[in-house]
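First the proteins, then the strands, lettered A, B, ... as listed; each starts at 1.
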Protein chains: 2
Amino acid sequence: MARAGLTAERVVRAGAELADEIGFEQVTPSELARKLGIKTASLYSHVRNAHDLKTRIALLALEELADQASAAIAGRAGRDALRAFAHTYRDYASQHPGRFAAARFRLDADTAAASAGVRHSRMMRAILRGYDLPKLQETHAVRLLGSVFNGYVELELAGSFSHSAPSSDESWTEVLDALDSLLRNWPAPP
Amino acid sequence: MARAGLTAERVVRAGAELADEIGFEQVTPSELARKLGIKTASLYSHVRNAHDLKTRIALLALEELADQASAAIAGRAGRDALRAFAHTYRDYASQHPGRFAAARFRLDADTAAASAGVRHSRMMRAILRGYDLPKLQETHAVRLLGSVFNGYVELELAGSFSHSAPSSDESWTEVLDALDSLLRNWPAPP
DNA sequence: TAAGTTACCTAAGAGTATTAGGCAAATGTA
DNA sequence: TACATTTGCCTAATACTCTTAGGTAACTTA
């Protein structure tokens, strides 16, 4: 019997591809085994179980996304950085919808803390340094940015913006301009 | 054999409760049948299949949420309406996390168009009427609001805000103030 | 009370997740 | 080169899950 020469890493990468093809929810050991041309049981030497598989795909996606975002904001500040970061997010989601869904997979606290997820919030904080926000408002602003990026992309992926004018592209740039303006005129706390 | 006296509607309501107990993803025919004390196969006289069950729970949740939001914004305008609407969203999600997840279940286009989802965007548009937005910017603003509300609540539910100060409650009010301020000073298009 | 409806059942087929144990291909060692 | 070890993949088996088909007994209505 010829071997496929798989490793845990190759399995996870194939899982990520599969997620982009059929959706992250639909990625299961049996489906992935089919794609790889091996028996389902054979996967269990590379991955602990179905949940472990999904977790690893999520970690991969978080890492990839952080890498791309980090490259995008390098050397930029203020509005430019904000736009570059946001575009990276949206582009990644449209090119890799399954991976993006994976990045939103709910990890347990420890795994999340050790994931590339923390780089994401660090980058947002870095972007905010280009705006003159009161120190105490920074976390609020980070949470707002995270909410908008995740929320917008998810709604768009769900098709919520595709059945009415104006185009989602247009809204996206307007929304980013609005956010930029908001960050430059953040309301003073009471 | 004593009958449980179920109907499609009671089944769906039980499904919604189950979602709040164990999570929407985990709601399956077999699990629901267990909760109801009947055999799995018996569910199929009330519901077409697993997907149909989830769809109906989603529609129920959208309806409930729209009802509550509609009651909350009645008689209010501007900042008050914005806050009332937003709080309804967040409260519903924290009291009914499973139903809230259900409300985000991806419906096919026709079902979505016939769902209470359309009431949600109508309400957001109504709220925006309290602000003096350029007509063309209204849709962009609706999309921004939807993104923030969905995004924030989802991140919060995922625990993203629970492991660092300040509290999510605090961020939520700051974020809403920021949104209010943004809507009152929406940047002029180029 | 007889007829019709229907809420629930049992039975069965196909598929999935997971574990246990086996063999043969790749790899390291003498 | 020959041997031992590791390991990548297999078959087999268990215990689910979803779904369909057909039956029966409990309610409803005339």
Notebook entry, point to check: If you check the S45(B) side chain, which of dC9(D), dC8(C), dT18(C) turns out closest?
Noted result: dC8(C)
Margin query: Without decimals, in angstroms, what is the distance between D52(B) CG and dC18(D) P?
Written below: 14 Å
Note to self: Whole angstroms only, please: what is the CG-P distance between L43(A) and dT16(C)?
What the structure shows: 13 Å
Notebook entry, point to check: Roughly how many Å is it from CD in E31(A) to P in dA17(C), rounded to a whole number?
Noted result: 9 Å
Notebook entry, point to check: How close or far is atom P of dA26(C) from atom CG of L6(A), stated in whole angstroms?
Noted result: 13 Å
Next item on the list: Answer yes or no: does a side-chain N or O of S42(A) lie under 4.0 Å from OP1 or OP2 of dC10(D)?
Entry: yes
Check: Step by step, would you call W186(B) with S181(A) a side chain to side chain contact (heavy atoms under 4.5 Å, CB included)?
Finding: CA-CA 8 Å; W186(B) 192 270; S181(A) 154; over 6 Å; no
Next item on the list: Select base, sugar-phosphate, or nothing to describe what T7(B) touches, counting heavy atoms under 4.0 Å on all strands.
Entry: nothing
Checklist line | Modelled atom types, side-chain donor and acceptor of S164(A) and R143(B), under 3.5 Å | finding: yes
Check: Any side-chain N or O of H46(B) less than 4.0 Å from the OP1 or OP2 oxygen of dC8(C)?
Finding: yes
Check: Would you say dG8(D) has OP1 or OP2 under 4.0 Å from some side-chain N or O of R10(A)?
Finding: no
Item checked: Interatomic distance, Y44(B) OH vs dG22(D) C1' [rounded to whole Å] -> 17 Å
Check: Within the pair S30(B) and dC18(D), is there a side-chain N or O less than 4.0 Å away from OP1 or OP2?
Finding: yes
Item checked: Check: R125(B)/T139(B) side-chain N/O donor and acceptor closer than 3.5 Å -> yes
Next item on the list: Compare side-chain N and O positions of H51(A) against OP1 and OP2 of dA17(C) and report whether any pair is under 4.0 Å apart.
Entry: no
Note to self: Just the rounded figure in Å: distance from C1' of dC18(D) to CG of L32(B).
What the structure shows: 14 Å
Check: Is the phosphate of dC18(D), meaning OP1 or OP2, less than 4.0 Å from a side-chain N or O of R48(B)?
Finding: no
Item checked: Intermediate values then yes/no, side chain to side chain contact (heavy atoms under 4.5 Å, CB included), R76(B) and L82(B) -> CA-CA 9 Å; R76(B) 295 185 211 269; L82(B) 183 72; over 6 Å; no
Next item on the list: Using salt bridge (Lys or Arg N to Asp or Glu O under 4.0 Å) as the criterion, list what pairs up with R104(A), not counting sequence neighbours.
Entry: E154(A), E154(B)
Check: Q26(A) has an atom CD; how far is it from atom C1' of dG15(C), in whole Å?
Finding: 15 Å
Next item on the list: Look at the side chain of K39(B) and decide which nucleotide, out of dC8(C), dT10(C), dT18(C), has an atom nearest to it.
Entry: dT10(C)
Next item on the list: Take the protein atom CD of E9(A) and the nucleotide atom P of dG8(D), then report the distance between them rounded to whole Å.
Entry: 14 Å
Note to self: Taking only side-chain N and O atoms of T28(A), does any of them lie within less than 4.0 angstrom of OP1 or OP2 on dA17(C)?
What the structure shows: yes
